[in-house]
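One structure is given here, and the rest of the page talks about it.
Computed from a predicted model, the values in this text were never measured in an experiment. All chains are named by letter (A, B, ...) in the order of the sequence lines, taking the proteins before the strands, and each is independently numbered beginning at 1.
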Number of protein chains: 2
Amino acid sequence: MTELWKQHMRPYSHFLDQIRLAGLRPTRQRLALAKLLFSGENRHVTAESLHGEAQAEKMRVSLATVYNTLHQFTSTGLLREIVVDAQRSYFDTNTGDHHHFYFEENGMLTDISDDMMSLTKVPAAPEGMAIKSVDIVVRVVEKTQ
Amino acid sequence: MTELWKQHMRPYSHFLDQIRLAGLRPTRQRLALAKLLFSGENRHVTAESLHGEAQAEKMRVSLATVYNTLHQFTSTGLLREIVVDAQRSYFDTNTGDHHHFYFEENGMLTDISDDMMSLTKVPAAPEGMAIKSVDIVVRVVEKTQ
DNA sequence: GTGTTTGCAAAGTGTTTGCAATTTA
DNA sequence: TAAATTGCAAACACTTTGCAAACAC
């Protein structure tokens, strides 16, 4: 990291810690992506969409690195992967318990907080298996009337 | 369809009706796949797995036709598509209300009957949207102890 | 300096498509 | 015969990988 870069990144030093805590080196690319992902509200991104954003902000990050970083952030618990579409992978910055609305027509995702949706009965895991997660996707389409 | 083929297919005439009712022509390929799909218990297949089965039974069907047929059967309500893995599409012969266990380690799916799992609270659809489905996937992994 | 990370381009995987030949009705 | 369907091969979209150059520590 250059001295200039360090100055530029000063206001984002918590990302630096976040990445270090995850056991990753805080490279320019990882910091840039962390800034996009964790600066504001919770977000849902795909590799393409995040790469597009980075380009728009003149951050130089290759698509391959975006993929790598999303997976590294996922396996270190900074992100969570959401499966709603067989064609692309989504990543959610909200790693807490919650579910999703999926807008099939435009591929958008929004959160459903855990307390807006509750399961009364959950089946026991099959013999010898442990439940890893219970994922609920509410698919919605434009109302046609 | 040849006369010989008609004779061979006599015991499976209900597939013929099923396909015709769906507005599709009962071709050799569609009948063969229907036989594999709907002969016994409910099943979960991928295009590859069904194509493999067809080959094993010496049915001559191309992979492209398997894909086309799975989609046609899905859009005519004979099958239902299940999204559990970003890498491949699954199709379920059980089109009724139910949910799934997904065995992440080997890609297997099993049904959870609707009455083994119930939602107390379902959020209202977002403004202008209608709920198309509520899909629950219980991801399980081998218990490590 | 050593080990990690990046970016490119190539390869990979699962899926769809264009189109001539074949089959169904 | 007209319209639908098939199968191949090529195209496709998304994702992963191999490896030399660049970077972090």
Side-chain angles (χ1 to χ4, degrees), chain A residues 1-6 8-9 13 15-17 19-34 45-52 54-55 58-76 79 81-91 107, chain B residues 1-6 8-9 13 15-17 19-34 45-52 54-55 58-76 79 81-91 107:
Chain A
M1 257 183 299
T2 63
E3 201 44 51
L4 186 66
W5 176 250
K6 273 186 197 157
H8 173 63
M9 270 294 147
S13 63
F15 295 138
L16 220 140
D17 300 337
I19 291 172
R20 268 203 247 272
L21 277 169
L24 300 169
R25 291 186 175 177
T27 62
R28 178 173 60 69
Q29 292 85 338
R30 295 209 264 239
L31 280 163
L33 296 176
V45 302
T46 64
E48 291 285 355
S49 79
L50 187 60
H51 184 238
Q55 306 245 297
K58 309 276 189 254
M59 295 164 168
R60 284 163 299 98
V61 191
S62 73
L63 185 56
T65 296
V66 173
Y67 273 105
N68 289 337
T69 303
L70 286 173
H71 286 133
Q72 290 154 354
F73 284 8
T74 299
S75 59
T76 55
L79 292 176
E81 189 170 356
I82 309 291
V83 180
V84 286
D85 183 298
Q87 308 320 303
R88 63 172 105 286
S89 296
Y90 285 81
F91 296 85
Chain B
M1 257 182 297
T2 63
E3 200 46 48
L4 185 66
W5 176 249
K6 274 185 196 157
H8 173 65
M9 269 294 146
S13 63
F15 295 138
L16 220 141
D17 300 340
I19 291 172
R20 267 204 248 272
L21 277 168
L24 300 169
R25 291 183 177 180
T27 62
R28 178 174 58 72
Q29 290 86 337
R30 294 210 264 238
L31 280 163
L33 295 176
V45 301
T46 63
E48 290 286 353
S49 80
L50 187 59
H51 184 239
Q55 306 244 297
K58 307 277 188 254
M59 296 163 168
R60 283 164 299 99
V61 191
S62 73
L63 185 56
T65 297
V66 173
Y67 274 105
N68 289 336
T69 303
L70 286 173
H71 285 133
Q72 290 152 354
F73 283 7
T74 299
S75 58
T76 56
L79 291 176
E81 190 171 355
I82 310 291
V83 180
V84 285
D85 183 300
Q87 309 321 302
R88 63 173 106 288
S89 296
Y90 285 80
F91 296 85

Verify whether one side chain among B/Arg30 and B/Gln72 offers a donor that lies under 3.5 Å from an acceptor in the other.
-> yes
When rounded to whole Å, the CZ to C1' distance for the pair A/Arg30 and C/dT4 reads 8 Å
Within the pair A/Arg28 and D/dC23, is there a side-chain N or O less than 4.0 Å away from OP1 or OP2?
-> no
Short side-chain N/O contact to C/dG7 OP1/OP2 from A/Gln29, under 4.0 Å = yes
Just how far, in rounded Å, is C1' of C/dT24 from CG of B/Leu16?
-> 12 Å
Any side-chain donor paired with an acceptor under 3.5 Å for A/Thr69 and A/Gln29?
-> no
Separation of D/dC25 C1' from A/Leu24 CG (nearest whole Å) | 15 Å
Between D/dG7, C/dT6, D/dT15, which nucleotide gets closest to the side-chain atoms of B/Val61?
-> D/dG7
Sugar-phosphate only, base, or nothing, as touched by B/Ser89 at under 4.0 Å among non-hydrogen atoms = sugar-phosphate
Ring pair (Phe, Tyr, Trp, His ring centres under 6.0 Å) against B/Tyr67, all qualifying residues, sequence neighbours excluded = none
Watson-Crick or G-U pairs under 3.5 Å in DNA chain D, rendered as dot-bracket with [ ] for crossing pairs and | for another strand = |||||||||||||||||||||||||
Quick check: does any side chain N or O of A/Arg60 sit under 3.5 Å from a backbone N or O of A/Gln55, one acting as donor and the other as acceptor?
-> no
Looking across every strand, which nucleic acid part, if any, lies under 4.0 Å from A/Arg25 by heavy atom: base, sugar-phosphate, or nothing?
-> base
Within this structure, what is the CZ-to-P distance between B/Arg88 and D/dC14, rounded to whole angstrom?
-> 18 Å
Figure out the CZ/C1' separation between B/Phe91 and C/dG14, and round it to whole Å.
-> 12 Å
Distance, nearest 0.5 Å, that separates CZ of A/Phe73 from CG of A/Asn68 | 11.5 Å
For A/Gln55 and C/dG7, what is the distance between atoms CD and C1' respectively, to the nearest whole Å?
-> 12 Å
Give a yes/no on whether any side-chain N or O of B/Thr46 is located under 4.0 angstrom from OP1 or OP2 of C/dG14.
-> no
Rounded distance (nearest 0.5 Å) linking atom CD1 of A/Ile19 with atom CG of A/Leu31 = 4.5 Å
Could you check if a side-chain atom of B/Ile82 sits within less than 4.5 angstrom of a side-chain atom of B/Phe91, using non-hydrogen atoms only?
-> no
Please say which of B/Val84, B/Leu70, B/Leu79, B/Val83 ends up in a side chain to side chain contact (heavy atoms under 4.5 Å, CB included) with B/Tyr90.
-> B/Val84
When the distance from CD1 of B/Ile19 to P of D/dT6 is rounded to whole Å, what number comes out?
-> 10 Å
d(CD, B/Glu81; P, C/dG14) in whole Å = 15 Å
Would you check if the side chain of B/His51 reaches a backbone N or O of B/Val61 as a donor-acceptor pair within less than 3.5 Å?
-> yes
Any donor-acceptor pair under 3.5 Å from B/Ser49 side chain to B/Val45 backbone = no
Nucleic acid contacts of residues 62-72 of chain A, taken as heavy-atom distances under 4.0 Å to DNA chain C | A/Ser62, A/Ala64, A/Thr65
Would you please confirm or rule out a distance under 4.0 Å between OP1 or OP2 of D/dC25 and any side-chain N or O of A/Arg20?
-> yes
